[in-house]
Amino acid sequence: MKSKRSLAFPRFQAGLAAVVVALVLAACSSSGKKPVPKPLPANPALLGVQQIWKADIGAVDSQLAIRVSADGSQLAVAGGKGDVFAFNAATGQQIWRANVGARVVAGVGSDGQLTSVVTENNDLVTLKDGKEAWRQPLGARTYTPPLVAGKRVFVLTADRLLALDGETGRRLWSQPRVGEPLMLRQAGALFPMGNTLVAGVGGRLLGLDPNTGELQWQAPIAVSRGANDIERLVEVVGGVSRQGGVVCARAYQARVGCLDVARGNVLWSKNANGYTGVGGDADRVYGTESDGRVLAWRRGTGDEAWNTEAFRYRTLSAPLALGRAVAFGDADGNVHLLSREDGSVLARLTTDGSAIGVQPVLAGNTLVVVTTKGALYGFRPQ
């Protein structure tokens with residue numbers, strides 16, 4: 001279903017809009033005296049977890065993603081100065097390293113063979129086994145990692161959703177992005193679920209046919225409200241929880257909700273004031289709020305299962321559910337492991353002291369985090 005409407009801003013203005021939004025939000029967040037973080041609770045060390053490897057990738061943007069191959073054996077991540085890496089997830093050994101010629105602003109998307117990033121020059125660059133296969137200029141800015149799936153590369157920009165052939169870069173289809181006139185300078189939602197391509201546009205999730213780009217359904221996580229464009233900004237942010245046919249996501253500083261992908265209908269949606277994505281398991285959805293609270297909602301109903309204020313004002317990453325724990329990083333380089341049952345502290349891991357702004361990932365049985373100084377850590381249960 002191709003829309004006849006177009007984005008309110010022309011292409012050259014779309015990137016500027018994103019920058020303006022970022023500056024305004026940064027100014028709002030920095031006004032007034034910064035709250036003092038609560039002292040950390042004692043580390044009970046109830047989980048035996050040890051660092052098994054460490055790698056250096058150079059200073060990173062806190063919005064860049066880590067991608068894990070389908071079998072969990074390989075990691076792809078972008079470092080400073082345009083470097084893109086692949087590592088063995090079990091050992092931390094570097095598999096390959098490439099430089100794309102400019103700082104990476106959106107990435108990494110990878111299926112283990114093809115790896116795609118977007119540079120500050122607005123080029124979509126795709127690597128095959130660590131060597132550049134092709135690059136294509138984009139007409140509008142994006143901060144969302146490309147999605148590499150089914151030998152195709154999907155890109156969500158400020159004005160449209162694109163599908164390109166993974167081997168050649170040839171454009172397969174393009175759909176105009178219809179939504180709010182401003183774009184958040186933060187990674188959005190773009191992911192596959194079964195045979196459906198799901199993209200976040202404004203406060204909605206859209207389900208599309210990945211072969212044609214035709215719209216199959218749309219469902220709102222949050223409804224845009226407010227007196228101006230800034231107040232009405234409710235973009236769905238990157239970091240979602242997928243379980244079976246249900247996906248749960250966050251609309252920026254507005255709501256958290258879950259929907260049935262097969263039907264395209266919202267199961268529940270709750271007020272939530274956070275800006276990072278969510279994690280989850282079969283029973284609960286987990287999120288960190290902008291003030292440092294950590295919440296768990298029951299996946300079936302959206303009712304609150306527990307919350308903790310032990311990490312207030314510590315600038316937390318999005319959480320990851322793994323085993324009996326929920327893991328997230330903070331601005332001081334700590335990795336916190338909480339009980340998924342009640343939110344009690346199980347263990348705390350330390351890194352290099354710089355912020356962990358990227359959602360941790362699980363690769364095989366290795367917990368992987370990256371710091372803003374560019375240290376990549378692998379942890380594993382003893």
Checklist entry - Would a 4.5 Å heavy-atom cut-off, applied to side chains only, mark D281 and Y286 as touching? => result yes

Item to check | Contact summary for A78 and V60, nearest pair of heavy atoms | outcome: O-CG1, 3.6 Å

Checklist entry - Taking R255 for the side chain and S269 for the main chain, is one N or O donor matched with an acceptor at less than 3.5 Å? => result yes

Checklist entry - What do you reckon, is CD of E132 surrounded by more than 12 foreign heavy atoms closer than 6.0 Å? => result yes

Item to check | N/O donor-acceptor pair under 3.5 Å between R67 side chain and S110 backbone | outcome: no

Checklist entry - Is T119 close to V125 at the side-chain level, that is, under 4.5 Å between some pair of heavy atoms? => result yes

Checklist entry - Is N195 atom CG crowded by more than 12 heavy atoms from other residues, nucleotides or ligands, each under 6.0 Å away? => result no

Checklist entry - Can you tell me if D303 uses its side chain to pair, donor with acceptor, with the backbone of W297 under 3.5 Å? => result no

Next on the checklist: Measuring only between side-chain heavy atoms, which start at C-beta, is R380 closer than 4.5 Å to N365?
Outcome noted: yes

Checklist entry - Are V246 and W268 connected in a single hydrophobic cluster, I mean Ile/Leu/Val/Met/Phe/Trp/Tyr linked by side-chain heavy atoms less than 4.5 Å apart? => result yes

Item to check | salt bridge (charged side-chain N to carboxylate O under 4.0 Å, His left out) between E167 and K128, intermediate numbers included | outcome: CA-CA 8 Å; E167 294 292 331; K128 185 174 184 180; 3.3 Å; yes

Item to check | Donor-acceptor pair, side chain of W306 and main chain of R340, under 3.5 angstrom | outcome: yes

Checklist entry - Between the main-chain N or O of A375 and the side-chain N or O of D56, is there a donor-acceptor pair closer than 3.5 Å? => result no

Side chains of residues 315-326: which donor-acceptor partners sit under 3.5 Å, not counting sequence neighbours?
from, atom 1, to, atom 2, distance (Å)
S317, OG, G329, N, 2.9

Item to check | Straight-line distance of L337 CG to L367 CG, nearest 0.5 Å | outcome: 7.0 Å

Checklist entry - Is there a donor-acceptor pair under 3.5 Å between the side chain of T144 and the backbone N or O of G188? => result yes

Checklist entry - Can you list the steps and then say if R135 with D123 is a salt bridge (charged side-chain N to carboxylate O under 4.0 Å, His left out)? => result CA-CA 6 Å; R135 67 174 59 207; D123 287 334; 3.5 Å; yes

Checklist entry - Salt bridge check: are D291 and R293 linked by an N-O gap of less than 4.0 Å? => result yes

Checklist entry - Checking side-chain contact (heavy atoms from CB on, under 4.5 Å) for the pair F379/Q50: CA distance, chi angles, key distance, verdict? => result CA-CA 5 Å; F379 296 98; Q50 65 177 357; over 6 Å; no

Checklist entry - Of all heavy-atom pairs between R284 and A296, which one has the smallest distance, and what is that distance? => result CD-CB, 4.3 Å

Item to check | Any donor-acceptor N/O pair, W134 side chain to L127 backbone, under 3.5 Å | outcome: no

Checklist entry - Out of curiosity, E214 CD to Q175 CD, how far, rounded to the nearest 0.5 Å? => result 7.5 Å

Next on the checklist: Is it the case that over 12 heavy atoms from other parts of the model lie below 6.0 angstrom from the CD atom of Q93?
Outcome noted: no

Checklist entry - Side chains of L376 and F87: does their closest heavy-atom pair fall under 4.5 Å? => result yes

Next on the checklist: Quick one, L164 with L172, criterion side-chain contact (heavy atoms from CB on, under 4.5 Å). Give me CA distance, side-chain angles, the key distance, then yes/no.
Outcome noted: CA-CA 5 Å; L164 302 96; L172 301 175; 5.6 Å; no

Checklist entry - Are the charged groups of D165 and K151 less than 4.0 angstrom apart, N to O? => result no

Item to check | Short N-O contact, E289 and R250, less than 4.0 angstrom | outcome: yes

Checklist entry - Taking atom CZ of R299 and atom SG of C248, what is their separation to the nearest 0.5 Å? => result 4.0 Å

Item to check | Option among D260, L267, L205, V278 that satisfies the side-chain contact (heavy atoms from CB on, under 4.5 Å) test with V247 | outcome: L205

Item to check | Steps toward side-chain contact (heavy atoms from CB on, under 4.5 Å) verdict (R152, N211) | outcome: CA-CA 10 Å; R152 287 162 290 182; N211 297 311; 2.8 Å; yes

Checklist entry - Ignoring hydrogens and geometry, is there a side-chain-to-backbone donor-acceptor pair from R242 to P192 under 3.5 Å? => result yes

Next on the checklist: With a 4.5 Å cut-off on side-chain heavy atoms, are L184 and V237 touching?
Outcome noted: yes

Next on the checklist: Tell me the closest heavy-atom pair linking V148 and S116, and the distance in Å.
Outcome noted: CG2-OG, 3.7 Å

Item to check | Minimum heavy-atom distance V153-P146, with the two atoms named | outcome: CG1-CB, 4.0 Å

Next on the checklist: What verdict does the side chain to side chain donor-acceptor pair (under 3.5 Å) test give for S354 and T371, after you've listed the backbone C-alpha separation in whole Å, the side-chain angles of each residue and the deciding distance to 0.1 Å?
Outcome noted: CA-CA 6 Å; S354 64; T371 70; 3.3 Å; yes

Checklist outcome for this item: One should read off an interatomic distance between L197 CG and L161 CG, to the nearest 0.5 angstrom, of 5.5 Å

Item to check | Within one Ile-Leu-Val-Met-Phe-Trp-Tyr cluster: V105 and L138, side-chain cutoff 4.5 Å | outcome: yes

Checklist entry - What pair of heavy atoms forms the shortest contact from L208 to G213, and how long is it? => result CD2-O, 3.1 Å

Next on the checklist: Check this for me, if you would: do D332 and R314 make a salt bridge, where the nitrogen-to-carboxylate-oxygen distance has to be below 4.0 angstrom?
Outcome noted: yes

Checklist entry - Is it true that R177 and D159 make a salt bridge, defined as a side-chain N closer than 4.0 Å to a carboxylate O? => result no

Next on the checklist: Go through it in stages, so that I can follow the logic: the residues are V335 and Y377, the test is side-chain contact (heavy atoms from CB on, under 4.5 Å), and I'd like the CA-CA distance, side-chain angles, deciding distance and then a yes or no.
Outcome noted: CA-CA 11 Å; V335 182; Y377 290 83; over 6 Å; no

Checklist entry - When rounded to the nearest 0.5 angstrom, what distance separates CG in N43 from NE2 in H336? => result 10.0 Å

Next on the checklist: I need the minimum non-hydrogen distance between V104 and G82, along with the two atoms involved.
Outcome noted: CG2-CA, 4.2 Å

Checklist entry - Q74 pairs by side-chain contact (heavy atoms from CB on, under 4.5 Å) with which of N88, I95, V68? => result I95

Next on the checklist: Quick one, T115 and T126 - any side-chain contact, counting heavy atoms below 4.5 Å?
Outcome noted: no

Checklist entry - If we only count heavy atoms from C-beta on, is the F311 to L338 side-chain gap below 4.5 Å? => result yes

Item to check | P210 backbone acceptor or donor facing W173 side chain under 3.5 Å | outcome: yes

Item to check | Cluster check L206, L156: I/L/V/M/F/W/Y, side chain < 4.5 angstrom | outcome: yes

Checklist entry - Looking just at side-chain N and O atoms, do T276 and T288 make a donor-acceptor pair shorter than 3.5 Å? => result yes

Next on the checklist: Can you tell me how far apart NZ (K270) and CZ (R298) are? Round to the nearest 0.5 Å.
Outcome noted: 12.0 Å

Item to check | Path from L349 to L362 over hydrophobic side-chain contacts below 4.5 Å | outcome: yes

Checklist entry - Can you find a heavy atom in the side chain of D330 that is under 4.5 Å from one in the side chain of I356? => result no

Item to check | Donor-acceptor pair, side chain of T157 and main chain of T142, under 3.5 angstrom | outcome: no

Next on the checklist: Is there a path of hydrophobic side-chain contacts, each under 4.5 Å between heavy atoms, that joins V240 and L259?
Outcome noted: yes

